[in-house]
Student: 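The structure follows.
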Amino acid sequence: MKRINKRDQLIDVGGNAIVQRGFNAASINDILTTAGVPKGSFYYYFSSKEDFGLAIIDDFANRYQQRIENFLSDERYSPLMRLRNYFEAKIADMKTCGCTDGCLIGNLAQELSAQNELFRDRLNQIFYRWEKYFAQCLLAAVAAGELNDELHIEQVAQFMLSGWEGAILHAKVAKSTVPMETFVSVLFERVLAKSERNERLF
């Protein structure tokens, strides 16, 4: 159990350091000091900083995937309300952290996609999974009569993910959740509004 706990502790501390400073600027020595773990123990669990980074990405993705599932499969609400609840929860998170953290996956995608092909591929896989969750919820909304069945689900899901990640990035720069709130407003009032005009958008 001690080995598992130490590894998890390193991943937790490392994830926080990467969110705050970025992957390249996050020092392994600082992470070890914060976690209270000797350097030899680090290399017992991870072969390199790259291996450590991939473990952090996978840990975050697994935990965040559970969060997405919890929101988007919550049958107490209609499909579109599930989506809105998901977005509103993230806006609340950003307000709590003062718009400093953002999305770990989005942050790393910005920093590392052009530097490391292994990271780029892993991050792209995660984005693709999130996109599919959006698509599934949109399909459920069509089945429930909340959306027109002519809507191009895959395109809208891709737009939602790209627009949302961009809004989170903008919120970090502006130190305000207004870009995220604006995205949600336009998404539900324009893109996902059930009307003949909006059917032609996608």
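Scope of the values below: all heavy atoms of this structure, side chains included, with no hydrogens, waters or symmetry mates.
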Student: Do any N or O atoms from the side chain of Asp121 and from the backbone of Glu117 form a donor-acceptor pair under 3.5 angstrom?
Tutor: no

Student: Share the residues that join Val186 in a hydrophobic cluster, the rule being Ile, Leu, Val, Met, Phe, Trp or Tyr side chains under 4.5 Å apart at the heavy-atom level.
Tutor: none

Student: Looking at the rings of Trp164 and Phe134, which for Trp means the six-membered one, are their centres under 6.0 Å apart?
Tutor: no

Student: Could you tell me whether the side chain of Glu131 and the main chain of Ala157 form a donor-acceptor pair under 3.5 Å?
Tutor: no

Student: Taking the side chain as C-beta and beyond, is there a heavy-atom pair between Val37 and Val13 under 4.5 Å?
Tutor: no

Student: Is the closest side-chain heavy-atom distance between Ile153 and Gln136 below 4.5 Å?
Tutor: no

Student: Grab the two heavy atoms, one from Ala55 and one from Phe46, that are nearest each other, plus how far apart they are.
Tutor: CB-CE2, 3.7 Å

Student: Measure from NZ or CZ of Lys90 to the centre of the six-membered ring of Phe71, then state whether that distance is under 6.0 Å and the direction lies within 45° of the axis.
Tutor: no

Student: Report yes if some heavy atom in the side chain of Lys6 is under 4.5 Å from a heavy atom in the side chain of Tyr45; otherwise report no.
Tutor: yes

Student: Linking directly or through intermediates, with side-chain heavy atoms under 4.5 Å: list the remaining ILVMFWY members grouped with Tyr77, chain and number order.
Tutor: Met81

Student: Aromatic rings Phe42 and Phe52: how do their planes relate, parallel, tilted or perpendicular, breaks at 30° and 60°?
Tutor: perpendicular

Student: Verify side-chain hydrogen bond (donor to acceptor under 3.5 Å, both in side chains) between Gln9 and Asn5, making sure each step is shown before the conclusion.
Tutor: CA-CA 6 Å; Gln9 186 179 8; Asn5 289 337; over 6 Å; no

Student: Quick check: does any side chain N or O of Glu111 sit under 3.5 Å from a backbone N or O of Asn24, one acting as donor and the other as acceptor?
Tutor: yes

Student: Assess the side chains of Ser73 and Glu69: does a donor N or O sit below 3.5 Å from an acceptor N or O?
Tutor: no

Student: Verify the neighbour count for atom CD of Glu75: are there more than 12 heavy atoms of other residues, nucleotides or ligands below 6.0 Å?
Tutor: no

